[in-house]
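In this text the structure is predicted, and so the values were computed from the model without any measurement. The first residue in the sequence is number 1, and the count goes up from there. Indexing begins at 1, ligand by ligand and atom by atom, following the structure's order.
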Amino acid sequence: MRPELDVTELSVLDDLHHPAGVVLQSEEAISRIFGSGRTLSLVNGASSGLKAVIMAYGDTGAVVIPRNGHRAILEGLILSGATPKYVCPQENEGLFVPAAPQAYEGFGDNHLLVMLAETYEGFVRDYSGLKTRNPILADEAHGGHLRFCSVPSALDWADYTVHGAHKTLGSMTQSGFLHFRRSDQVQRVRRELSLLVSTSPSWLMLGSLEQAAVWWRGFTDPEYWTKRCLRLKERIDGLPGMRAVHETGGSLFCDPFRLCIRLEQAADGRVLGNELQNRFGIELEMTNQGSLVAILTPFDPEGSWDKLYRALKELGRAYGLQDRFGTTAAWLPELPEQCMTPRQAHQADHRRVAMQSAEGHICADIVAAYPPGIPLLYPGERIGRQQARMLKALTEGASRTQGIQDGQILVVNE
Ligand SMILES: Cc1ncc(COP(=O)(O)O)c(C=O)c1O
């Protein structure tokens, strides 16, 4: 870290909100590397890009969103006042994958379609076959590198693509990209982005974004890395009780750099994750009861993948894992009754109630496990029996939850 690079707005620098100098040059260079119509650098995470686009469209109609979308999408709805319509994910051997393209058909005009292009687990959906006149916003926060691999990137089919560049591209934490297919949409969205972003952006962060893009421009051997990742996945497949995800079909793909391991039914991924952390010093991206998720990158130190493999092997042995793969399907509760828009519920008079007595009330907050930050309950939804059941499971299972405090959640005063 070189703190002398952390400068303030010197006159030779530029204005992120109205770039005309070095920021503009940097964004144009990044745009050329990704092949977009225009790219904006984000210093407030992928979240800020998602929210800004939703805000730009929010008052023109409804917003169609993936029910397994990140909370930033929901926050965009709260900020814009838009009415959500939902598309539910598909289930794939106990894991959720992005909805099929057909699920987004038939919504009529005047809708912003928001797609989850890549899930936390590394399932990538190619929506290029979707026929629609509606604008498309793709949350490809986890797939900034796909442009440089052989898997389809949302840049090929979305009007707006958001990358959490810090997740896989190697830029500084909190930095990201908002790519536009057409540059004539920039003004409209930038007005909203300016409401969300500091007037004192970090130059370190902005510089790291350009550096990361330049690094990926030089990433000329994706096949070599894809094969290396595949080899690791195949070695893990050979361990009892563990199966890496790497087969998909149709418009569904797997991110070669994402390692998602399905576990046999007697294993608990959260326990294995703690063991990896405490005994082996390995921090995974996410752990669930039935799966482990890690991000592989070309920046990983030599030997680190082997270290992970050996740790998994040892844990598998210690916990007596065997190939007892069940057929338990991932379960999504029925969509609850939507009584208010997320914004109305967010602004409504509210109070706290104990989770045990939450059923029947209208939720006033975002309730989610983090990671992955996918809301279980949206503000404005009436908590039904299935949601109450999920709330209980959430507090018992997830390591961190949002929207639950001291066993209580916020509900609307009716
Ligand atoms: C799918 C998805 N979209 C958006 C975000 C938000 O990204 P950021 O933390 O860069 O704001 C995340 C964060 O984990 C995410 O998983």
Query - Ring centres under 6.0 angstrom apart (Y378, Y86) - result: yes
Query raised in the report: Do any heavy atoms of K167 fall under 4.0 Å from ligand 1?
Result: yes
Query - Parallel, tilted or perpendicular: rings of W216 and H145 (30°, 60°) - result: tilted
Report summary line: For atom 16 (O) of ligand 1, the closest protein heavy atom turns out to be H142 NE2, 2.7 Å
Report task. Provide the number and element of each atom of ligand 1 under 4.0 Å from a heavy atom of A141. Result -> 2 (C), 3 (N), 4 (C)
**Report entry** Quiz item: cation-pi between R147 and F34, 6.0 Å / 45°
**Finding:** no
Query raised in the report: Polar-atom distance check: E118 versus ligand 1, any N or O pair below 3.5 Å?
Result: no
Query raised in the report: Mind checking whether H142 and Y120 have parallel, tilted or perpendicular rings, split at 30° and 60°?
Result: tilted
**Report entry** Minimum-distance protein heavy atom relative to atom 8 (P) of ligand 1
**Finding:** A46 N, 3.5 Å
Report task. Compute the minimum heavy-atom distance from H166 to ligand 1 and say whether it is under 4.0 Å. Result -> yes
Query raised in the report: Is the NZ or CZ atom of R217 positioned over F148's six-membered ring, under 6.0 angstrom from the centre and within 45° of the axis?
Result: no
Query raised in the report: Are D109 and R133 ion-paired here, with the side-chain N under 4.0 Å from a carboxylate O?
Result: yes
**Report entry** Numbering as shown, the atoms of ligand 1 that approach Y370 to under 4.0 Å (heavy-atom distance)
**Finding:** 13 (C), 14 (O)
Query raised in the report: What atoms in ligand 1 come closer than 4.0 Å to a heavy atom of G45?
Result: 10 (O), 11 (O)
Query raised in the report: Do any nitrogen or oxygen atoms of L116 lie less than 3.5 angstrom from nitrogen or oxygen atoms of ligand 1?
Result: no
**Report entry** Protein contact to atom 12 (C) of ligand 1 [nearest heavy atom, distance to 0.1 Å]
**Finding:** H70 CD2, 3.2 Å
**Report entry** Short side-chain to backbone donor-acceptor contact, D14 and G21, under 3.5 Å
**Finding:** yes
Requested in this report: Measure the distance from atom 2 (C) of ligand 1 to every protein heavy atom, then report the residue, atom name and distance (to 0.1 Å) of the closest one.
Outcome: D139 OD2, 3.4 Å
Requested in this report: Classify the angle between the aromatic ring planes of F219 and W225 as parallel (below 30°), tilted (30 to 60°) or perpendicular (above 60°).
Outcome: tilted
Report task. Starting from atom 11 (O) of ligand 1, find the nearest protein heavy-atom neighbour and note its residue, name and distance. Result -> S47 OG, 2.5 Å
